[in-house]
Amino acid sequence: MKLKQRVVVLALLLVILVLTKLLLLDRLETSAAQRQDQLSFQRMMSSLKLTMDSRLEHTLQSPWEIASQWVVPREVYPEDTPEMGAVLHAMVTKKIVRADVGYKGTQLKALLVLDGGQKVVFKPKRYSRDYIVEGEPYAGYDRHNAEVAAFHLDRILGFRRAPLVVGRFVNLITEIKPVATEQLLSTFLKQGNNSCFYGKCYYCRETEPACADRETMEGSVTLWLPDVWPLQKHRHPWGRTYREGKLASTTDTTNCSAVSLRWEYDESYCDAVKKTSPYDSGPRLLDIIDTAIFDYLIGNADRHHYESFQDDEGASMLILLDNAKSFGNPSLDERSILAPLYQCCIIRVSTWNRLTHLKHGSLRSALLSATAHDPIYPVLSEAHLEALERRLQGILGTVQQCIDQFGNDVVMVEDRMTLSHL
C-alpha cells in the first residue's frame, strides 16, 4: 500500500476512533444522568409520607425561620427537607393572631398572621370533594383542596417551585372573629346555624359567602413567601382566552405581548417566543413547559400571568402560585394547556425521566402517600386521581409525537442547575 493511501486509512481510523469515543462519552453522560434521576426519584418516594409533629432538628430556630432559609432563586424548598412535617404542623396548629381580608385578586381568601409573625393565605372550602365544576376549565370558585394537592404534586415532580400548603380547620367564632380587622368583620354573616364570610375581592358578593359547618370551616393555608424575595408579575406568553369565541389578547405593548395573540392559531408561535426576552436564553422557557405539564395534570387553565423573583433577568424559577382553579372537572382534559409543550417540542431530560418513573399507577399512589398526613385527607376524589393517570399518559404521548417528528436529540434538553443553600 502506498504511503498516501496509508495516511488516508490512518486518518479515517482516527476519525472513527474519535467519533466512537465521543459516542461512548455521550452514552456514559446520559447513563449517569438517568442514574441521577432514578436516585432522585427514589429519594422523593421515600420522603413523601410526612410526620406531622412539632419536632425540629434545629431547635434554636422557629419553623418560619427554617422555611424562609429554604428559599433560593431556583426552588422554594430543597430536595432534602426533614423539617417539612414540622413546618406544616406549625401551619396547622399555631395560634392565629390576626385575620384580614385577602390580598388583591378575584377570589375569596383571608390573610392570617400566625404566632411568630408568619403570614399565611387561607382559602375556604366551597365544594365537596365529588362536586364537578361544569363549564370552562377556569370556571367556578377556588378549590382549597386543589392548593393542597398541587403542592404535593410539585414535590412529586421534583420541581419544588410551589409554596407550602396544608389543610386546616378554623373556628370562625373563637379563632377568627376575636382577631379580625373591621374590614373582614364587616363581611361576616349567618346562614341558618352556619357562620359565613364573603371577604373583599373582585368577585366577592354578600349573596355568595363561604360558610362553615356551624362554626368550623375547612380550608387550606399557604405559606407566604419571605419578604426578602419580592415577586415580579409577568404575562404568560400562552395567555388564556376568557371570552367564549375570542382569541387570547392583551393591551400590553411589550414585545412578548405583541406576539401573544398568535398561539391559539399559529403552531409556529414558539419560534416567535424564543426570540423574546426572557425566553431567548436561560431556563425560563423550559420552566414554562414544566408549568404547562404541571397545569395539564391538575386541569389548571387559569395561569394567564405568572410570578418570578424580581430583578432575576430570567434566571429565577417560575413560581407555581395560585393553583386553586384546578381539579374542577375530572372528565375534562384541556389539551390547549399543553400548547407550550407541543408547539415548542422540547422538554427537560429530568422532567421526562420523572414523568416516565410515575407511569403505571405510581403517580396516583405517590399523591395518596404524600397527602395521607393532611388534616383534610382525602384531598382528592377517586375520579380526580384517575384523571391524573390519564393526563400523564397524554403528556407522554405528546412528547413521543415530538420525538417521532424531530428526534430525541432536539426534544430532550439537558438543563441541570447547581442549587446553593448557603
Side-chain angles (χ1 to χ4, degrees), residues 67 76 88 91-92 94-114 117-128 131 133 138-151 154 162-173 175-189 191 194-213 215-227 231 233 298 300 302-307 319-328 374-376 379:
V76 176
L88 294 178
M91 292 168 64
V92 171
K94 288 290 186 181
K95 183 180 178 181
I96 300 166
V97 298
R98 191 171 188 271
D100 199 357
V101 295
Y103 57 93
K104 293 179 181 179
T106 61
Q107 297 290 315
L108 173 60
K109 61 183 77 70
L111 181 61
L112 308 180
V113 179
L114 304 182
Q118 178 62 52
K119 289 186 285 189
V120 295
V121 177
F122 177 80
K123 295 190 177 181
K125 176 182 178 181
R126 305 298 295 253
Y127 302 113
S128 67
Y131 186 89
V133 180
Y138 42 81
Y141 301 120
D142 276 359
R143 276 77 79 178
H144 72 298
N145 59 311
E147 290 281 15
V148 177
F151 162 62
D154 175 66
L164 277 62
V165 186
V166 68
R168 177 165 178 165
F169 291 91
V170 298
N171 189 299
L172 292 184
I173 304 304
E175 290 186 274
I176 301 295
K177 290 190 77 172
V179 296
T181 63
E182 286 298 323
Q183 194 173 24
L184 180 59
L185 276 176
S186 67
T187 72
F188 272 69
L189 52 87
Q191 285 193 353
N194 298 325
S195 295
C196 312
F197 77 101
Y198 58 91
K200 299 281 187 182
C201 69
Y202 187 81
Y203 290 124
C204 289
R205 304 285 186 272
E206 186 175 354
T207 54
E208 299 179 23
C211 292
D213 182 3
E215 297 179 359
T216 303
M217 175 173 279
E218 178 182 324
S220 66
V221 285
T222 301
L223 196 69
W224 195 271
L225 289 170
D227 291 336
L231 301 181
K233 194 171 186 177
I298 64 180
N300 178 24
D302 194 47
R303 207 174 298 280
H304 43 89
H305 290 81
Y306 68 85
E307 286 81 14
I319 304 167
L320 298 175
L321 284 173
D322 292 334
N323 302 304
K325 281 294 181 73
S326 311
F327 298 108
D374 198 279
I376 67 168
V379 174

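Along the sequence shown, the residues carry numbers beginning at 1.
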Begin with the C-alpha distance, continue with both residues' side-chain angles, and end with the deciding distance and a verdict on side chain to side chain contact (heavy atoms under 4.5 Å, CB included) for Asn300 and Lys325. CA-CA 6 Å; Asn300 178 24; Lys325 281 294 181 73; 4.0 Å; yes

Rounding to 0.5 Å, atoms SG (Cys204) and CG (Leu108) come to a distance of 4.5 Å

Taking side chain as C-beta onward, heavy atoms only, is Phe188 less than 4.5 Å from Ile176? yes

Work out which heavy atom in Ile319 is nearest to a heavy atom in Pro163; give both atom names and the distance. CG2-CD, 4.4 Å

Quick one, Leu111 and Trp224 - any side-chain contact, counting heavy atoms below 4.5 Å? yes

Measure the shortest side-chain to side-chain distance between Arg143 and Val133 over non-hydrogen atoms and say whether it is less than 4.5 angstrom. yes

Just jot down the side-chain contact (heavy atoms from CB on, under 4.5 Å) partners of Val113, sequence neighbours excluded, or say none. Val97, Arg98, Lys119

Please tell me if the side chains of Leu185 and Lys177 come closer than 4.5 Å, counting only heavy atoms from C-beta onward. yes

Working to the nearest 0.5 angstrom, can you tell me the gap between Ile298 CD1 and Leu320 CG? 8.0 Å

Holding to side-chain hydrogen bond (donor to acceptor under 3.5 Å, both in side chains), I want the full list of residues that pass it with Glu208, two or more places apart in sequence or in another chain. Tyr141

Between Asp154 (side chain) and Ala162 (backbone), is there a donor-acceptor pair under 3.5 Å? yes

First locate atom CG of Asn323, then atom CZ of Arg303, and finally report the distance between them rounded to the nearest 0.5 Å. 5.0 Å

Are any of the side-chain heavy atoms of Lys94 and Gln118 separated by less than 4.5 Å? no

I'd like to check the side-chain contact (heavy atoms from CB on, under 4.5 Å) partners of Glu307; sequence neighbours left out, ordered by chain and number. Leu231, Lys233, Leu321

Once you round to the nearest 0.5 Å, how far does CG of Leu184 lie from CZ of Phe197? 6.5 Å

Could you tell me which non-hydrogen atom of Ala210 sits nearest to which non-hydrogen atom of Lys125, and how far apart they are? CB-O, 4.5 Å

Rounded to the nearest 0.5 Å, what separates atom CG in Asp227 from atom CG in Leu225? 9.5 Å

Sequence neighbours excluded, which residues qualify as salt bridge (Lys or Arg N to Asp or Glu O under 4.0 Å) partners of Lys123? Asp142, Glu147, Asp322

Quick one: side-chain hydrogen bond (donor to acceptor under 3.5 Å, both in side chains) partners of Arg168, sequence neighbours excluded? Glu175

In terms of heavy-atom contacts, Leu172 and Ala212 come closest through CD1-CB, 3.9 Å

Can you see which heavy atom on Val120 is nearest to which on Leu114, and at what distance? CG1-CD1, 3.9 Å

Are side-chain heavy atoms of Tyr198 and Arg205 found at a separation under 4.5 Å? no

When you look at Tyr138 and His304, which way does the side chain to side chain contact (heavy atoms under 4.5 Å, CB included) test go after all the steps? CA-CA 11 Å; Tyr138 42 81; His304 43 89; over 6 Å; no

So CG of Asn171 and OG of Ser195: to nearest 0.5 Å the spacing works out to 8.0 Å

For Asp100, side-chain hydrogen bond (donor to acceptor under 3.5 Å, both in side chains) partners two or more places apart: Thr181

Do you know which two heavy atoms are closest between Pro209 and Gln191, and how far apart they sit? CG-NE2, 3.4 Å

What heavy-atom pair brings Thr222 and Met91 nearest, and what distance separates the two atoms? C-CE, 4.2 Å

